[in-house]
**Student:** 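Pasting a structure here, questions to come.
To find a chain, count down the sequence lines: A is the first, B the second, and so on, and within it residues start at 1. What you see below is based on every heavy atom in this structure, not just the backbone, and it leaves out hydrogens, waters and symmetry mates.
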There are 4 protein chains.
Amino acid sequence: MFEQSSHPRSLRAKDSVLCATKELLDEGGLGAATVDAISARSGVSKATIYKHWPCRTAIAAEAFGRRMADSIPLPNEGNVIDDLTEQVRRVSRFYSGPNGKVFAQLLAASVTDEAAAPYFREFFLDTRRANVAELWERALRRGEVNPAISAGTATDLLFGPLIFRLLTGHAPLTEHEADAITTAALHGLLEP
Amino acid sequence: MFEQSSHPRSLRAKDSVLCATKELLDEGGLGAATVDAISARSGVSKATIYKHWPCRTAIAAEAFGRRMADSIPLPNEGNVIDDLTEQVRRVSRFYSGPNGKVFAQLLAASVTDEAAAPYFREFFLDTRRANVAELWERALRRGEVNPAISAGTATDLLFGPLIFRLLTGHAPLTEHEADAITTAALHGLLEP
Amino acid sequence: MFEQSSHPRSLRAKDSVLCATKELLDEGGLGAATVDAISARSGVSKATIYKHWPCRTAIAAEAFGRRMADSIPLPNEGNVIDDLTEQVRRVSRFYSGPNGKVFAQLLAASVTDEAAAPYFREFFLDTRRANVAELWERALRRGEVNPAISAGTATDLLFGPLIFRLLTGHAPLTEHEADAITTAALHGLLEP
Amino acid sequence: MFEQSSHPRSLRAKDSVLCATKELLDEGGLGAATVDAISARSGVSKATIYKHWPCRTAIAAEAFGRRMADSIPLPNEGNVIDDLTEQVRRVSRFYSGPNGKVFAQLLAASVTDEAAAPYFREFFLDTRRANVAELWERALRRGEVNPAISAGTATDLLFGPLIFRLLTGHAPLTEHEADAITTAALHGLLEP
DNA sequence: CACTAATCGAGACGGTACGTCGGGTCTTATG
DNA sequence: CATAAGACCCGACGTACCGTCTCGATTAGTG
């Protein structure tokens, strides 16, 4: 995506950069993933780096995102309640772990860094949203969920609260909290 | 909060700074609210500014937050459905307006800028959350909502999705979307 | 000199300031003798300090100078050669000791700090030059020195080289070097 | 000296900086040669400037020193008395002119600014001292001066007094005074 | 197998903002 | 009424990182 010079040299360079960036992110968060640092560690010059990405944040988004998709496999318990409960738990666990911090920084940076937003969207949101959409479709087919609600709305309702808490830290991201959110989202706020 | 030396000079300086910052935020977003710019426009020296706030973001948070509380008055329609629907609409409208951009930048900056987080929390979250909590209490007393759900969870469920969309821009913040979120949150995702 | 408010409080304040300054100079050179530091240690407010001295350097000059006069007593060996040799040695020793550093900083600061120059002159130069002038008069009366040369010229010839070396550090200030200078100055550069 | 990356860009930047600094020194002394001012006038960024020099004073020393060497040509009258007399006069004239002030500020700054001292030494002292040393050698070969006296001592004896007066302003730097110093230094202080 | 273009590494550079420091002035409340 | 306390303005400091740039060396795939 975004470019495809299939020169072997380009490929090697891109790989080195993403690899080095990932390391730096792991070691010191987004703040440590300076372009100079990335260049130094990867052995790829800044000029070359900027030939492949529009800005620092984009590199970080790609580097970090590549391996995140796999790290949260989609559950398939057979019924929507268990599926969604488990998925929200997994994401919540991811957010409260060491990677959550970096994820938050990345999301925050994408707000400022216009050019990085598409990268962030591609490597984080799209995959994740597609996953949940699939899960949602399954549930729809089984007649378990309200067909008036779109997969998008459902996704935001379930994961928006997690993101919100991750960013501001105004409430914890424990499993218990995750379950409370899922339950409330599934059954609604109103008195039964 | 944080300090109040009640010295008239301090007060004048703080006021000038907050005022100037608000103007700059309105004119050019968080990017324009440089400490140098704030200092220049307010006539308060940088040294003095840094005696009152730990960092640039904190100033912006306070300046922007002071007047936001008023800008979203709490509705009181007599029943929880209308109240929450209206409140989510108002917040959504605020987010999609010119201030939404600045709010997002501020929230994003607070992630990076550790020292600014408490300022952001105080001037944005606490007030807002207290408001919704009040609304929630009212509904609880009227037996309209599920008492097993805390005000905090309810708040996050309703506004988390808005924040999520504001930050990533992956979905619009129209009134229609706001209503879809509110409805889903109120009645739940499951098939009735 | 320079002011004479004989209020007892003024006197106490001046003394405290000079004392504190001397300590700070001894501890960390001129760099440590910040006005704030002086104020803090002496318990005299900055406003009061600036009522007594025109600038930081002036305080330091007075504080440091007060006790220097005594620290280099005038020799009286009975003949000019021994007298001058000994005096140059003493001054040279002073310069190469811990106080020499501070003296150099003070002299340097007086160049920039116009207001401090008279203080420096009074507390350092005048006394010293008067001393040497006295020594020179004695020698003149004994017919030991060239009456065509003024005391001022003689002083500069003997001590200028020391100052020069102290400031630039281009040559050492050992006793041997001091003697070499004195000898050359006394007998002249030309082939006998 | 100190580094010469021979990159053409480096050279251009260094040149611009030195040039701009010289102008600023001429216009307003060392006080006007702010790093910001230098950066603004030269079009070279502060970061780049600090990559070439350790501190402000070092830049000024180099800028000012580069052209000073030429401004005081070495006399060659054929005999040491005339040579030295003339040289002392020239230096004295230089010191009492507009450049003298800047020179004094520079020398003073080098005392405080440890990092600048080598620059000052290189661009001012070394050349000058080498010049006088050459003159001294010539005189030695002609048997005109006392071979027991080193060139260094002679230099300090002749120019130390000038520096001393330049810094403290305790005595004028007229030609008459210059001659008095030279005469005294050449023939010695003692009664013939 | 050399040749010619693209591509690269290295890193200098301009720019912009940062947060800090110290000097000297001014205000307020105290004794 | 002078003082202690300390807030304040000013102006400069040296640093950090961004994204652009120039350079000479390295490399591909053509003739």
**Student:** Over how many whole Å does the gap from C/Tyr50 atom OH to F/dA4 atom P extend?
**Tutor:**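 That distance rounds to 15 Å.
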
**Student:** Considering heavy-atom distances to DNA chain E, does B/Asp113 or A/Ile49 have its closest nucleotide positioned more toward the 5' end?
**Tutor:**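 Residue closer to the 5' terminus by nearest nucleotide: A/Ile49.
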
**Student:** Let me know the distance between CZ of A/Arg12 and P of E/dG9, rounded to the nearest Å.
**Tutor:**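 To the nearest whole Å, that distance equals 9 Å.
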
**Student:** Can you list every side-chain hydrogen bond (donor to acceptor under 3.5 Å, both in side chains) pair that touches residues 100-115 of chain C, not counting sequence neighbours?
**Tutor:**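 Found C/Thr57-C/Asp113.
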
**Student:** Tell me, please, which residues at least two apart from B/Thr48 pass side chain to side chain donor-acceptor pair (under 3.5 Å).
**Tutor:** B/Ser45

**Student:** Rounded to whole Å, please give me the gap between CG in C/Leu24 and P in E/dG22.
**Tutor:**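 Rounded to the whole Å, the gap is 12 Å.
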
**Student:** Is the A/Phe64 ring parallel, tilted or perpendicular to the A/Phe124 ring (thresholds 30°, 60°)?
**Tutor:** tilted

**Student:** Counting only side-chain N and O atoms of D/Arg56, is one of them less than 4.0 Å from OP1 or OP2 of F/dG14?
**Tutor:** no

**Student:** Nearest to the side chain of A/Ala47, heavy atoms from C-beta on, is which of F/dG19, F/dC10, E/dG11?
**Tutor:**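 Closest nucleotide to the A/Ala47 side chain: E/dG11.
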
**Student:** Could I get the full list of side chain to side chain donor-acceptor pair (under 3.5 Å) partners for D/Asp15, not counting sequence neighbours?
**Tutor:** none

**Student:** Among the candidates E/dC8, E/dG19, F/dG19, find the nucleotide nearest to the side-chain atoms of A/Lys51.
**Tutor:**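 Comparing E/dC8, E/dG19, F/dG19 against the side chain of A/Lys51, the answer is E/dC8.
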
**Student:** Between P on F/dG19 and CH2 on A/Trp53, what's the gap in Å once rounded to a whole number?
**Tutor:**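 Roughly 14 Å, once rounded to whole Å.
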
**Student:** Identify, between C/Thr48 and B/Ser45, the residue whose nearest nucleotide on DNA chain F lies closer to the 5' end.
**Tutor:**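 With C/Thr48 and B/Ser45 compared, the 5'-side residue is C/Thr48.
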
**Student:** Can you check whether B/His52 has a side-chain N or O nearer than 4.0 Å to OP1 or OP2 of F/dA7?
**Tutor:**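 Result: no.
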
**Student:** How many whole angstroms separate atom CD1 of D/Ile38 from atom C1' of F/dA12?
**Tutor:** 12 Å

**Student:** Under the salt bridge (Lys or Arg N to Asp or Glu O under 4.0 Å) rule, collect the residues that match up with A/Arg41, sequence neighbours excluded.
**Tutor:** A/Glu23, A/Glu27

**Student:** Using rotation axes that map the C1' atoms of four end pairs onto the next four (five pairs an end), what angle separates the end axes of the helix from E/dC1-F/dG31 to E/dG31-F/dC1, to 10°?
**Tutor:**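 The end axes of the helix from E/dC1-F/dG31 to E/dG31-F/dC1 are about 10° apart, to the nearest 10°.
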
**Student:** Excluding sequence neighbours, so at least two apart, what forms side chain to side chain donor-acceptor pair (under 3.5 Å) with B/Thr168?
**Tutor:** B/His170

**Student:** Below 4.0 angstrom, which residues in residues 29-37 of chain D have at least one non-hydrogen atom near DNA chain E?
**Tutor:**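 Per residue number, the list is empty: none.
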
**Student:** State, to 0.1 Å, how close D/Tyr50 and D/Cys55 come at their nearest heavy-atom pair, and which atoms those are.
**Tutor:**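 Closest approach of D/Tyr50 to D/Cys55: CE2-CA, 4.3 Å.
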
**Student:** Nearest whole angstrom, please: distance from the P of F/dA7 to the NZ of B/Lys14.
**Tutor:** 13 Å

**Student:** B/Ala32: which residues meet the side-chain contact (heavy atoms from CB on, under 4.5 Å) condition with it, sequence neighbours left out?
**Tutor:** none

**Student:** Excluding sequence neighbours, so at least two apart, what forms side chain to side chain donor-acceptor pair (under 3.5 Å) with C/Asn99?
**Tutor:** none

**Student:** Please report the distance, rounded to the nearest Å, between CD1 in B/Ile59 and C1' in E/dC18.
**Tutor:** 12 Å

**Student:** Check this for me: does the side-chain of C/Lys46 come within 3.5 Å of the base of F/dG6 through a donor and an acceptor?
**Tutor:** no

